[in-house]
Student: 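To start, I am sharing the structure in question, which I have written as structure tokens.
Throughout, a chain's letter reflects where its sequence line sits, starting with A, and its residues are numbered from 1.
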Amino acid sequence: MPNNTSDPKSGQVIIPVILIILILLPFGYSLVNRVIAQGSDRSEAFLERPDAKYENCIRDTEYMRYHHWELLRTVRVEVVRYGKRGDIRLDSCMECHPNRERFCNRCHEAVSLTPDCFGCHYYPEIFQPSSIESVTEKTELIPVPDTTVVDSILTK
Amino acid sequence: MDRRDFIKVAGGTVLAGTSCTYAFRFLTSSSMSDAGVDSTLAKRKWGMVINLDKCKEDCTACLEACREENNVYHDEDDRWDINWIRKVKIEGKIGSATTEKTMILLCNHCDNPPCAQVCPVQATYKREDGIVIVDHHRCIGCRYCMIACPYNARFFNFKDEEHWINPDRPKRTHGVAESCHLCAHRLDAGKMPACVEACEKIGCGALSVGDFNDPESNVSKLIADNSVKRIREDLGTEPKVYYIGL
């Protein structure tokens, strides 16, 4: 046979190497992305603080900051599946945090999360109930969850 | 080890392993079911009785009340329109004479719901108190329940509702199936469903919702005192919507 193609032995090496590179490509991509995300200054977000008289949330601030979604999900299952309607509702968040854009969205955007709660549940972008006139645009710099926390949220 | 011994050991191991898993599953399931069930829900069994003799022909009070309460999507085009409760005209033949009647159709909240059986993700299910509910968080929009339902009570959200008529209640986005849930949120709060309240308000009182498990409830008395019919009883779905004067 004429030797039109290259040495068959080199093909035995190149093809596995290409396959290994292709397999490792996504892992390398996420690693590089994580390094870039840690280096950038997107690790903090300005959130609106509720008025001083509404300081007492249903859980402490640290829990609500990172695990409010777990609480809402548990309540959701209890309400929808077992009909246990308690005090915790998405509407009750609205009493102290009337503005979705200044409270929910700023943090969700910083960690690029798009929860679909608000497609069906009413939570206005701009909403000023008469009971809280004193809420102004007081903002607080809070640390956004780091990428590992966000990954655990996405995989659950 | 000869072949006989090997088969004995291997068979014994497999038997012990499977029995252990079954025993474990039995133990855990019995303890878990106690924790999840709400006893107050399980005591009740909600159902509806519709008195068609009292129902006015051109009245749409219950239909409108349902739309306003539950943010049901409305479209001029019948293909996209959603009616949790709707009115149809039926024709009956007695001898040579034909009779026409208007009738109210809604989800029958079957005791043996075909929609819940076919749901691949358990989004549709029967609650402890007999109400058939769709968990819209879980629905993937496969529309199998619409095919399974013999009463055509299931609807699909082909479009997003833009108007939020009642902000206290959620609406549904494009891509989920929905049906009447007998205003479960109102029943949990001790109120009657929106359609029943609207019917009483205009003075008809054709619709009544109550607890079938309680022999003293309004619906149990209505069923005992009148001749009632359910639709498509032959299918074995055990519907919980009874009709008087059908």
Student: Any chance you could measure B:His136, atom NE2, to A:Asp116, atom CG, to the nearest 0.5 Å?
Tutor: 13.5 Å
Student: Please give me the minimum heavy-atom distance between B:Ile133 and A:Val80, naming the atom from each residue.
Tutor: CD1-O, 4.5 Å
Student: Do you know the tightest heavy-atom contact between B:Trp164 and A:Phe118?
Tutor: CH2-O, 3.9 Å
Student: Between A:Arg85 and B:Ala184, which heavy-atom pair has the shortest distance, and what is it?
Tutor: NH2-C, 4.0 Å
Student: Could you tell me whether A:Leu22 atom CG has more than 12 heavy atoms of other residues or ligands within 6.0 Å of it?
Tutor: yes
Student: Return the minimal non-hydrogen interatomic distance between B:Thr173 and A:Gly119, and the atom names on each side.
Tutor: CG2-O, 3.5 Å
Student: Are any non-hydrogen side-chain atoms of A:Arg81 and B:Arg138 less than 4.5 angstrom apart?
Tutor: yes
Student: More than 12 non-hydrogen atoms from neighbouring residues, nucleotides or ligands closer than 6.0 Å to CG on A:Asp87, yes or no?
Tutor: no
Student: Taking atom OH of B:Tyr144 as the centre, does the number of heavy atoms from other residues, nucleotides or ligands within less than 6.0 Å exceed 12?
Tutor: no
Student: State, yes or no, whether a side-chain contact exists between A:Tyr122 and B:Asn71 at a heavy-atom distance under 4.5 Å.
Tutor: no
Student: Roughly how far apart are B:Asp168 CG and A:Arg89 CZ, rounded to 0.5 Å?
Tutor: 6.5 Å
Student: What's the separation between atom SG in A:Cys117 and atom NE2 in B:His137, rounded to the nearest 0.5 Å?
Tutor: 7.5 Å
Student: Could you tell me which portion of B:His185 (side chain, backbone, both or neither) has an atom closer than 4.5 angstrom to a non-hydrogen atom of chain A?
Tutor: both
